[in-house]
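Scroll down for the structure; my scribbles are underneath it.
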Amino acid sequence: MEQIQFWIGVIATMAFAVTGVLAIADRGVDLFGVLVLGLITAIGGGTIRDIILGAPVFWSENQIYVWLALGASVLTFVAESFFTQPQIYRWMLYIDGFGAALFAIQGADKAWTMGYGLPVGPVILGVITAIGGGLIRDILAGRKTLIMSHELYAIPVTLGCCAYVLVLNFIPQYALEGSVICMLGIFGLRAAAIYWDLRVPRMFITKTR
Amino acid sequence: MEQIQFWIGVIATMAFAVTGVLAIADRGVDLFGVLVLGLITAIGGGTIRDIILGAPVFWSENQIYVWLALGASVLTFVAESFFTQPQIYRWMLYIDGFGAALFAIQGADKAWTMGYGLPVGPVILGVITAIGGGLIRDILAGRKTLIMSHELYAIPVTLGCCAYVLVLNFIPQYALEGSVICMLGIFGLRAAAIYWDLRVPRMFITKTR
Amino acid sequence: MEQIQFWIGVIATMAFAVTGVLAIADRGVDLFGVLVLGLITAIGGGTIRDIILGAPVFWSENQIYVWLALGASVLTFVAESFFTQPQIYRWMLYIDGFGAALFAIQGADKAWTMGYGLPVGPVILGVITAIGGGLIRDILAGRKTLIMSHELYAIPVTLGCCAYVLVLNFIPQYALEGSVICMLGIFGLRAAAIYWDLRVPRMFITKTR
């Protein structure tokens, strides 16, 4: 089980770095910028989470995630033309969605285990873990952030974290099964959004004036 | 007294969420974005303050502020056309100014009580408590931040925090009266700025080239 | 030695505040904005570093850096036309580069001494100390950040921090000499970039589409 989690974490970190770099590559970023923005996309969310939790930042205890993110970023820089093939890029989006699902549940779980701000804290921190890194990347790169994009990305993440908190609260004996189901739920919704190009319906958007 | 403070905090938090959402509603934000940006406007400043202080983040100990901010944000989304009436919106600006005054003095007081970086620390942290949430909201929403706006908002807040630190340092026996007067002073200056549409005079602005 | 470090710190802090203000002065910023942005440029990087380290923020223990940064910011506001003379501005850029070199090695050293996330932590935190304040300033001011600029600024800083970590790891008995050499190396590369107006070569930049 531990080992499965580790490998999922490896895949998710690398996917975040790759999609993070691809998101800003079309702006003409130098290799240093690629490393910084890839790294921030992959580990930024967890870093904010740990700072808010008052816990040691996770990558200070295990640098493997830093190396993976840097490695994936360099790889993306070198093989940019490979990753920007529509077919491959689409695959990356799915893996990124899987990573978001994993990071969200991991983050919520960490906050819950620490008893942090129950019941609302784990939801907030799960969402931050999943989308925080991408937000900092977009701010540094001068891009429109996810918050303003009407993409169905943060909403599945939030719903999944809420569901997981309900599981932990009411049926804690099924925590493990619940975590897997919530993760799959987030991933399923996100995958559907990618596949059918779903966006937030108009009635849930404020009127532009 | 405790109870008065609590209710002022309730009003201030909701006012921040409402004006926070109204500030970005004209950009076409979806309901999730409204929740995130309303929440950040209301609790973001206090969160940064507590992180810098190394103290537990305030909403991890009492979720009421999170619920109030989320509730006020949803309300603003649903009743957008009510809140954007010029008359109502103006009222909201005054309540928001009142909230800023309260948060600033609260923040300065917390830093002073912890003996944090005296004497300059409480001023910096009071200002961050009052305007930090709005700054993050504007950055995430891609808006020009308050810092660049020439509005008379942060200046009253800063002056009030300086005055409060002087009170705490030289006449600590009048701390309570001083806090009320400084709060009213901030609110008075801000209200005057709203009423007469005052801005920073030209001579205090760098020359554009 | 202690005293030399102190005076270098004084010069670096003031230089960061001056160049920080000059960087945004052409946007028409009011005096309050000048104070905030000058202060953030000078102490923002060290603040993020200490938050990530979980250490008390450095300016909470010695306010001299806050006063220096505020003083230098006001001075720049008042004497803007002096500092924007091409000859003087160029001097400021060199001093700023010197400040970045000092802050980077200081930051890396602090993280190393705390045993934080070795070996990669000190490099990340050295870079954050040197460029973090400028990044927040640019974000608040709505400017393109350093990360997107192709300037040779962060790259010398990163190389210097890597070299210093190698020194600390393999020849710790030469830590002092190593720190001076790494600092001079960063400054030398940065000065060369200013003097010959060097930028990141095209082959290290992603293709704009």
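All values reported here derive from a predicted model rather than from experimental measurement. Every chain is numbered from 1, with letters handed out A, B, ... down the list of sequences.
- The backbone N or O of S179(B) sits nowhere less than 3.5 Å from a side-chain atom of Y174(B) that would complete a donor-acceptor pair.
- R190(B) has no carboxylate O lying under 4.0 Å from a charged side-chain N of D96(B), or vice versa, which leaves the two without a salt bridge.
- The nearest pair of heavy atoms linking P156(B) to I186(B) is O-CG1, 3.5 Å.
- Between the side chain of E80(C) and the backbone N or O of F77(C) there is no donor-acceptor pair closer than 3.5 Å.
- The nearest pair of heavy atoms linking A12(B) to F103(B) is CB-CZ, 4.0 Å.
- Neither the backbone nor the side chain of P201(B) has a heavy atom closer than 4.5 Å to any heavy atom of chain C.
- Contacts with chain C (heavy atom to heavy atom, under 4.5 Å) involve these residues of residues 137-152 of chain B, listed by number: I139(B), T145(B), I147(B), M148(B), H150(B).
- Contacts between V36(C) and chain B at a heavy-atom distance below 4.5 Å involve the side chain alone, from C-beta outward.
- Top candidate by heavy-atom pairs under 4.5 Å with chain C, chosen from I51(B), L135(B), L118(B), is L118(B).
- In this structure, the separation between CZ on F187(C) and CZ on F98(C) is 7.0 Å, given to the nearest 0.5 Å.
- Residue L39(C) touches chain B through its side chain alone, counting heavy-atom pairs closer than 4.5 Å.
- Chosen from V57(C), V21(C), L70(C), T47(C), the residue pairing most often with chain B at heavy-atom distances under 4.5 Å is V57(C).
- Of all non-hydrogen atoms in F16(B) and A42(B), the two that sit nearest each other are CB-CA, 3.9 Å.
- The CZ atom of F83(C) sits 12.0 Å away from atom OH of Y89(C), with the distance rounded to the nearest 0.5 Å.
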